[in-house]
There are 2 protein chains.
Amino acid sequence: MPPTRSRGRLSRDVVVHAAIELLDEHGERGLTFKLLTEKLQTGAGAVYWHVANKDELVTMATDQVIGTALAGLSAEPGTDAETRIRALALAVYDTLDLHTWAAPHVTAVHTMPHTMLLLERIGGLLAETQLPAGRHFAVATAIFIYLTSVTAQDAGRASAAAPGTTRDDLLRQEAQQWAALDPQTFPFVTGIAADLGNHDDRDQFLTGLDLLLDGLRSQVSATSDPAKDQVILAEGDTSRPHDADLARADMTERRRQIAGR
Amino acid sequence: MPPTRSRGRLSRDVVVHAAIELLDEHGERGLTFKLLTEKLQTGAGAVYWHVANKDELVTMATDQVIGTALAGLSAEPGTDAETRIRALALAVYDTLDLHTWAAPHVTAVHTMPHTMLLLERIGGLLAETQLPAGRHFAVATAIFIYLTSVTAQDAGRASAAAPGTTRDDLLRQEAQQWAALDPQTFPFVTGIAADLGNHDDRDQFLTGLDLLLDGLRSQVSATSDPAKDQVILAEGDTSRPHDADLARADMTERRRQIAGR
DNA sequence: ACCTGAACACCGTTCAAGT
DNA sequence: ACCTGAACACCGTTCAAGT
C-alpha cells in the first residue's frame, strides 16, 4: 500500500490516498482543498502540481477503490466460473459499500485502469465457459453494467440517509410512509409496504444478478438439448429483435414528442 | 403544463421548471442561483422562499422529469403485461436520456411522488400476471432498481462526454484505446475492442431487461409443467440460499479485512 | 405572505514568486 | 522539478428590510 503520510515528499499517490480518507470520513462534500492541504500540510498549488483538478482527483480515488476490491480477490481455483463471477461482483459491491461516495463515479470503463481491469476479469471468467466468442462482448458488458450501476444506486441511497440513522431504522420509517399512502392511487405500494421492513439491498443485488445469470442459462436450454441444462452461459440469442425494434420505433417517436414539447 | 413564464407571480412549480430548463441547457454545474434568478428576474431570497435549498430543487426537478415520462405513456390495452413493462421501462430510459442530469438523482423511491408512482405502475402490471402476491415486492423492486440504476449509469456516461463529440465518435475513439492496450494483461478487452464500435447503450439496456424478464420466466418452467412455458412471470424461487449464504459469509469476512486495513 | 438584494462564508483554481 | 500561499472569481445561503 502506498504511503499515506503527510510529511515528506508529495506524490500523486499520496494525494489520492489522502483524498480517499477525507471522502470516506466526510463524504463527497467533505473533500475540500482546504481540508486536503491541511491534512497534507501543504499549499493548494502543490496539490495542483500532481492532479489537474478536483474531478480528476475524485476519478482517480474511485479507480483506486476498484483496485482494492480486485486486489482482495483470490483466484480460488476449482470453483466454476459462474460462482467466481458472483464472488467478484460481491467483492466490488461490498467494497463500494464501504466507500459510498465512489460508486456513482465508476463510469469511466474505457479509460481508467482498474475499472478496465474489472471488465477484463469478468471477461476472463466468461472465457472459461462455453459461451461462444461472438457473445463475449455483449454478456460481459451486461454483467459489468448491472454490477456497477446497481451498486452505485444502492450506495447512493445509503449515503443519502442521515448519518445518525441505521438502515433498519430508515426502512421501517419508509415502510410506515408507504402504509400511510392512499390505497386508491397506490394500491400496489401500500400492499407491499410490510415487505419493505425486511428488505436488504445486498440480497436484492444478488437476486438480480442471479436472474441475469439464470436468464443467460435459460436461453441456452430453450435452443439446445434439454439434457445440457447444466451447461453454464452457453450460446443463445439474447435479444428479441422484433419486439425491440417495434418498441424502438415507438420510442423514437415519443422522443420527438418530448423533445418538442 | 405549469407556467414557465418568468414575469408574474413566482411559485414552486415555476422555479422547478426554470431549473429544469437550465439543467437541460447547461448540465448540473450550469444550475446556479445567479442564472436562476436572472431567468426568473428575481432575487435569491425569493427562490429560497419556495424551495429549501439547491438539493431539494434538483430532487424536485428530477421527480418532475419522471412524472413527464409516466404521463407520456398510454395504457395501450390489449397488449400483455410483459410488453407493457418493457414499454414503461423504455419510456423512462428515453426520457432520462433527454435529461441526463436527472438520472443519478432518481434514488428517492420512498419519498418522491412520481418516483413512487413509477414503482406503483410496475407493480400494477405485475399484478396482471400470474405472479403470486408473495413475490410482488421482490420482483417489482428488482425491475425498478435495474431500470433506474442502469439508466442512470448510461445517462451519466453520456453527459460525461465532451459536448462537441457525438456518441459514435466517442466509441470509435475508445475502441482504438482498447485495441492499443497490452494484449498480455488485457487479453479479453483487446479481443472485444472491435465490438465496441457498434455498441449501443439502449440496445444493451433492452438486452439486460429481457434477461431479467427471461430469468423470471425460466425459473417458472424449471419448477412447473414445461407445457406452461408461455406463462409469464409466474412463481419460482428466485434466490439460491446455499450459494448466496456462502458468498455472504465470505464477504462479511472480507468486509472486515478491508475496513481494518 | 411574499419578495428584494446586499452581505457572508466558503470553495476551486490560478499564478507570481520562491527553492 | 516541485512547492508556497496570497489573490481571484464564483457560488449557496442568510437576513434585515421592504410591500
Nearest heavy atom decides the nucleotide; on that basis, is A:Gly45 or B:Asn53 closer to the 5' end of DNA chain D?
A:Gly45

Does A:Ala52 or B:Ala44 map to a spot on DNA chain C nearer the 5' end, using the closest nucleotide for each?
B:Ala44

Could you tell me how far apart B:Arg12 (CZ) and C:dC3 (P) are, to the nearest whole angstrom?
14 Å

So that I can tick it off, tell me whether B:Arg202 and B:Asp94 are bridged by a salt bridge, with the cut-off set at under 4.0 angstrom between side-chain N and carboxylate O.
yes

Pick the nucleotide of DNA chain C nearest each of B:His50 and A:Tyr48; which residue has the one closer to the 5' end?
B:His50

Please report the distance, rounded to the nearest Å, between CD in A:Gln41 and P in D:dG5.
12 Å

Could you check how far CZ of A:Arg29 sits from P of C:dC10, rounded to whole Å?
15 Å

Partner of D:dA17 under the Watson-Crick or G-U wobble criteria, both distances under 3.5 Å, comes out as none

Measure the shortest side-chain to side-chain distance between A:Leu118 and A:Leu147 over non-hydrogen atoms and say whether it is less than 4.5 angstrom.
yes

Provide, to the nearest angstrom, the distance between the NZ atom belonging to A:Lys54 and the P atom belonging to D:dC11.
15 Å

Interatomic distance where CG belongs to B:Leu40 and P belongs to C:dC2 [whole Å]:
16 Å

Can you say whether the rings of B:Phe205 and B:Tyr146 are parallel (under 30°), tilted (30 to 60°) or perpendicular (over 60°)?
parallel

In whole angstrom, what separates B:Phe33's CZ from D:dT14's C1'?
12 Å

Could you report the tightest heavy-atom contact between B:Glu120 and A:Pro187, atom names first, then the distance?
OE2-CD, 2.9 Å

Tell me the partner of D:dC3, counting only Watson-Crick (N1-N3 plus N6-O4 or O6-N4) or G-U wobble (N1-O2 and O6-N3) with both under 3.5 Å; none if nothing fits.
none

Under 4.0 angstrom between B:Lys34 side-chain N/O and D:dC11 OP1 or OP2
no

Should C:dC10 form a Watson-Crick or G-U wobble pair with both distances under 3.5 Å, which nucleotide is its partner?
none

For the pair made of CG in A:Leu36 and P in C:dT13, what is the distance, rounded to whole Å?
12 Å

Mind calculating the distance between NE2 (B:His26) and C1' (D:dC11) to the nearest angstrom?
16 Å

Intermediate values then yes/no, side-chain hydrogen bond (donor to acceptor under 3.5 Å, both in side chains), A:Asn53 and A:Tyr48:
CA-CA 7 Å; A:Asn53 51 42; A:Tyr48 275 91; over 6 Å; no

Reckon B:Trp49 has a side-chain N or O less than 4.0 Å from the OP1 or OP2 of C:dC3?
no

May I ask you to say what B:Leu31 touches in the nucleic acid, namely base, sugar-phosphate or nothing, with a heavy-atom cut-off under 4.0 Å?
sugar-phosphate

